[in-house]
Amino acid sequence: MNALRTMNELDLIKALNNLKDLNNTEHLCKKAGMTIGGVLLCGVGVSFLKLAAFGVDPFQSFMAGLNAFIPISFGTLHIIVSICLLMFMLAFDRRYIGLGTIINLFLLGYVIDLSTGLLQGLFPSPVLVVRILAFSIGIGIICISSSFYFTADMGVSPYDAVALILADKWHIGRFRYMRICTDLVCITLGCTLYLVSGGSLASLPAIAGFGTIITAFFMGSLIEFFKQTLAEPFLNGQLI
């Protein structure tokens, strides 16, 4: 009788452990999906910002200027720059490397390239109303998708890691200020490279305009809002 009870208890413990493993697997799969979908949708959001031509986020501002200076496929150029930043991560702090880092490295640039081509094919000469709508859609997509990607916490992009390392590893200053510094460097380099490559001052706002200011100073609050109202409830199974 005691042996039978012991067997039943062991079976119950085994069943509970299996259920726990299943829940952990489902949770991990959900986080992976949030990471992959979030990063790739960010690329689609950037393509809407490029269509709007009011300015993109600071890193993409640098990439646009660099792409004007080195006129190769944007996706390929994005990988080259990301690999250089990844070397920085590997040298100084590897804890930020994860699935999100890999997706950013190998796929984000090509998603931006492809979706930008599709949108520009649909709207070759967008009027002001279309540009304003594209800008609003782009900001919305980036904020929502970023909230899912950040909530999943499965690695950061190589560019995001730079400010984190400056703040947490080298203790130069708080992350907020280090990010402002890296953003300003990106904007300055992007504008300089664009002008050196023959770009006109009239078209410079498409590289760094008021949209760049909005993404640099206001998107953080929107991303935090969507994290609390959408991403975190979704991850925890509380979103109805």
Side-chain angles (χ1 to χ4, degrees), residues 27-28 31-32 34-36 38-39 42-43 45-46 49 55-66 69 77-109 112 139 142-193 207-208 211-232 235-236:
H27 188 72
L28 183 61
K31 290 177 67 176
M34 291 171 66
T35 300
I36 297 171
V39 173
C42 275
V46 170
L49 294 186
V56 291
D57 67 87
F59 180 65
Q60 295 304 327
S61 177
F62 164 70
M63 290 300 304
L66 184 62
F69 188 74
L77 185 63
H78 193 280
I79 289 179
I80 294 172
V81 173
S82 295
I83 288 176
C84 293
L85 295 175
L86 181 63
M87 295 300 103
F88 180 79
M89 295 175 70
L90 289 171
F92 296 106
D93 202 332
R94 302 180 182 183
R95 59 179 169 160
Y96 299 116
I97 299 175
L99 177 62
T101 312
I102 304 303
I103 301 299
N104 266 286
L105 176 61
F106 292 107
L107 294 180
L108 182 60
I112 295 174
I139 290 292
I142 292 174
C143 289
I144 293 174
S145 57
S146 293
S147 71
F148 278 79
Y149 155 53
F150 291 148
T151 299
D153 193 23
M154 297 187 74
V156 302
S157 72
Y159 175 65
D160 291 331
V162 174
L164 287 168
I165 291 173
L166 293 176
D168 299 338
K169 185 73 173 182
W170 294 356
H171 306 292
I172 296 176
R174 296 176 61 182
F175 171 75
R176 180 187 306 176
Y177 304 120
M178 293 300 97
R179 184 55 182 259
I180 290 174
C181 290
T182 57
D183 285 349
L184 289 175
V185 169
C186 281
I187 294 170
T188 302
L189 287 175
C191 292
T192 302
L193 289 169
I207 302 296
T212 308
I213 297 174
I214 291 176
T215 57
F217 293 99
F218 297 103
M219 277 208 320
S221 299
L222 288 172
I223 291 173
E224 187 62 30
F225 170 76
F226 287 119
K227 278 185 65 178
Q228 296 175 359
T229 58
L230 284 178
E232 290 175 356
L235 180 61
N236 297 325

Does atom CZ (Phe175) have a neighbourhood of more than 12 heavy atoms from anything else shown, all under 6.0 Å? yes
So Phe92 and Trp170, would you call those rings parallel, tilted or perpendicular, with 30° and 60° as cut-offs? perpendicular
Between CG of Leu189 and CE of Met63, what distance do you get to the nearest 0.5 Å? 12.0 Å
Go through the steps for Leu164 and Arg179 under the test side-chain contact (heavy atoms from CB on, under 4.5 Å), then give the verdict. CA-CA 8 Å; Leu164 287 168; Arg179 184 55 182 259; over 6 Å; no
Spacing of SG belonging to Cys84 relative to CE belonging to Met89, to within rounding of 0.5 Å: 13.5 Å
Roughly how far apart are Ile187 CD1 and Asp57 CG, rounded to 0.5 Å? 9.0 Å
I want to check something: taking the side chain as every heavy atom from C-beta on, are Ile142 and Val46 in contact at a cut-off of under 4.5 Å? yes
Any non-hydrogen side-chain atom of Phe62 less than 4.5 Å from a side-chain atom of Val81? yes
Heavy-atom check, side chain of Asp160 versus side chain of Tyr96, under 4.5 Å: no
Any chance you could lay out the side-chain contact (heavy atoms from CB on, under 4.5 Å) test for Tyr159 and Asp183, step after step, and finish with the verdict? CA-CA 10 Å; Tyr159 175 65; Asp183 285 349; 2.5 Å; yes
Nearest heavy-atom neighbours spanning Tyr149 and Gly155: CE1-O, 3.4 Å
Rounded to the nearest 0.5 Å, how far apart are CG of Leu230 and OG of Ser145? 11.5 Å
If you look at every heavy atom in Pro158 and Leu86, which pair is closest and at what distance? CB-N, 4.1 Å
Please answer whether the main-chain N or O of Pro58 pairs with a side-chain N or O of Thr212 as donor and acceptor at a distance below 3.5 Å. no
Within-4.5 Å side-chain heavy-atom neighbours: Thr151 and Lys31: no
Quick one: are Met34 and Phe150 in side-chain contact, heavy atoms under 4.5 Å? no
Taking side chain as C-beta onward, heavy atoms only, is Phe59 less than 4.5 Å from His78? yes
Between CD1 on residue Ile165 and CZ on residue Arg94, distance to nearest 0.5 Å: 11.5 Å
Determine whether Ile103 and Leu108 make a side-chain contact, defined as any pair of heavy atoms from C-beta on separated by less than 4.5 Å. no
Do you know which two heavy atoms are closest between Ser146 and Ile223, and how far apart they sit? CB-CD1, 3.7 Å
With a 4.5 Å limit on heavy-atom distance, are the side chains of Val39 and Leu107 in contact? no
side-chain contact (heavy atoms from CB on, under 4.5 Å) between Ile139 and Leu222, worked out: CA-CA 9 Å; Ile139 290 292; Leu222 288 172; 4.2 Å; yes
Mark yes when over 12 heavy atoms from residues, nucleotides or ligands other than Phe225 sit less than 6.0 Å from its CZ; otherwise mark no. no
If I take atom CD from residue Gln60 and atom OG1 from residue Thr215, how far apart are they, to the nearest 0.5 angstrom? 10.0 Å
Indicate whether any N or O donor in one side chain lies under 3.5 Å from an N or O acceptor in the other, for Glu232 and Gln228. no
Could you tell me whether the side chain of Thr101 and the main chain of Ser157 form a donor-acceptor pair under 3.5 Å? no
